[in-house]
Amino acid sequence: MSLPHAILTALLEKPSSGLELTRRFDRSIGYFWSATHQQIYRELGRLERDGLTRALPSAQATRGQKKEYEVLPAGRAELARWTAASQDPKPLRDTLLLRLRAAAVVGTAGIEADLRRHLALHKEQLAEYEEIERRDFPPGRDAIEDRLRHVVLRAGIDLETFWTQWLTRTLEELAEPPGAS
């Protein structure tokens, strides 16, 4: 149920065409809620059909022209309802953790190289988030909207910090000879 809410959020921030929306998704919301272009376009059609969004009237009608969407009052009300609703945390589902558990019973061949690859990817993502923080959140930006966006980014930074630390410790643990603890 969250994809329509992610789209409503993005459209309330800035009315957009489907293409613009998918590009913005890739640069912001997509960091923590992923969706394919097809899913976004399909959901845009559903939101419009349900009366939550509408395509803005075009200055001139031409075939193949991109539609720009905006959120209607019913869409804003739905997003406000969803935002105010209580929701339980979701259990962590991570393939890497499952693979490590499986390695305990079938052997660790190949796992260290993949752990190193994951570590490099998480370090790269952490550096990207930290750059976004430096660029987009200078001291003094303390409007509630800025603070809310910043805490979402901080969650990403904290998660990437966790993964880099955990992966580093895990690689150290696997490198230790048995009984060396």
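Quick caveat: nothing in here was measured; it's all calculated off a predicted structure. Any value given below was found using the heavy atoms of this structure, including those in side chains, with hydrogens, waters and symmetry copies removed.
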Aromatic ring pairing W166/F162, orientation class (parallel under 30°, perpendicular over 60°, tilted between): parallel

What heavy-atom pair brings G51 and A74 nearest, and what distance separates the two atoms? O-CB, 3.7 Å

Here the gap from L47 atom CG to Y69 atom OH, rounded to the nearest 0.5 Å, amounts to 9.5 Å

Report yes if some heavy atom in the side chain of L159 is under 4.5 Å from a heavy atom in the side chain of F32; otherwise report no. no

Quick check for you: to the nearest 0.5 Å, what is the distance between E133 atom CD and E131 atom CD? 10.5 Å

Are V152 and W163 connected in a single hydrophobic cluster, I mean Ile/Leu/Val/Met/Phe/Trp/Tyr linked by side-chain heavy atoms less than 4.5 Å apart? no

Please answer: with hydrophobic residues joined when any side-chain heavy atoms are less than 4.5 Å apart, are L11 and L56 in the same cluster? no

If you measure from CG on L148 to CG on L153, what distance do you get to the nearest 0.5 Å? 13.0 Å

Side-chain atoms of residues 100-110: list all donor-acceptor pairs with protein atoms under 3.5 Å, sequence neighbours left out, distances to 0.1 Å.
none

Test salt bridge (charged side-chain N to carboxylate O under 4.0 Å, His left out) applied to E48 and R54, step by step: CA-CA 5 Å; E48 188 174 23; R54 73 174 179 134; over 6 Å; no

Any R141 side-chain heavy atom under 4.5 Å of H150 side chain: no

Before giving the answer on side chain to side chain contact (heavy atoms under 4.5 Å, CB included), spell out for L3 and Q39 the whole-Å C-alpha distance, their side-chain angles and the decisive distance to 0.1 Å. CA-CA 9 Å; L3 179 57; Q39 289 172 314; 3.9 Å; yes

Give the cluster check for L126 versus L167: same hydrophobic cluster or not, with ILVMFWY residues linked at side-chain heavy-atom distances below 4.5 Å. no

Counting C-beta onward and ignoring hydrogens, is there a side-chain heavy-atom pair between W33 and T9 closer than 4.5 Å? no

Can you list the steps and then say if I7 with L44 is a side chain to side chain contact (heavy atoms under 4.5 Å, CB included)? CA-CA 8 Å; I7 291 171; L44 276 171; 3.9 Å; yes

Might you confirm whether atom CD of E124 has over 12 heavy atoms from other residues, nucleotides or ligands at distances under 6.0 Å? no

Is the closest side-chain heavy-atom distance between T53 and L72 below 4.5 Å? no

Evaluation steps, side chain to side chain contact (heavy atoms under 4.5 Å, CB included), between L115 and T170: CA-CA 8 Å; L115 288 168; T170 300; 4.0 Å; yes

Let me confirm one number: the NE2-CG distance from H122 to L119, rounded to the nearest 0.5 Å. 8.5 Å

So, taking the atom named CZ in F137 and the one named CZ in R154, what distance separates them when rounded to the nearest 0.5 Å? 11.0 Å

CZ on R116 to CG on L121, rounded to 0.5 Å: 14.0 Å

Verdict with supporting geometry, Q125 and Y31, side-chain hydrogen bond (donor to acceptor under 3.5 Å, both in side chains): CA-CA 10 Å; Q125 189 65 61; Y31 285 122; 5.0 Å; no

Do R81 and E78 pass the salt bridge (charged side-chain N to carboxylate O under 4.0 Å, His left out) test, and can you show the C-alpha distance, the side-chain angles, and the key distance before you say yes or no? CA-CA 5 Å; R81 182 208 59 77; E78 168 54 23; 2.7 Å; yes

So do L21 and I40 actually touch side chain to side chain, heavy atoms under 4.5 Å? yes

Tell me the closest heavy-atom pair linking A6 and F25, and the distance in Å. CB-CZ, 3.6 Å

Between L171 and E112, is any pair of side-chain heavy atoms under 4.5 Å apart? yes

Set out, in order, the CA-CA distance, both residues' side-chain angles and the distance that settles salt bridge (charged side-chain N to carboxylate O under 4.0 Å, His left out) for D114 and R99, then state yes or no. CA-CA 10 Å; D114 202 39; R99 289 176 52 233; 2.6 Å; yes

Can you see which heavy atom on R24 is nearest to which on A10, and at what distance? NH2-O, 2.7 Å

Heavy atoms, side chains only, cut-off 4.5 Å: are R46 and P4 in contact? no

Kindly check if the number of other-residue, nucleotide or ligand heavy atoms within 6.0 Å of CZ (R117) is above 12? yes

Are the charged groups of K123 and E160 less than 4.0 angstrom apart, N to O? no

The test is side chain to side chain contact (heavy atoms under 4.5 Å, CB included); show your working for S17 and K67 and say whether it passes. CA-CA 5 Å; S17 69; K67 292 181 187 178; over 6 Å; no

Is the shortest heavy-atom distance from the side chain of W82 to the side chain of S2 under 4.5 Å? yes

Contacts table for residues 86-94: side-chain donor-acceptor under 3.5 angstrom, sequence neighbours left out:
residue: D94; atom: OD1; partner: L96; partner atom: N; Å: 2.9
residue: D94; atom: OD1; partner: L97; partner atom: N; Å: 3.3

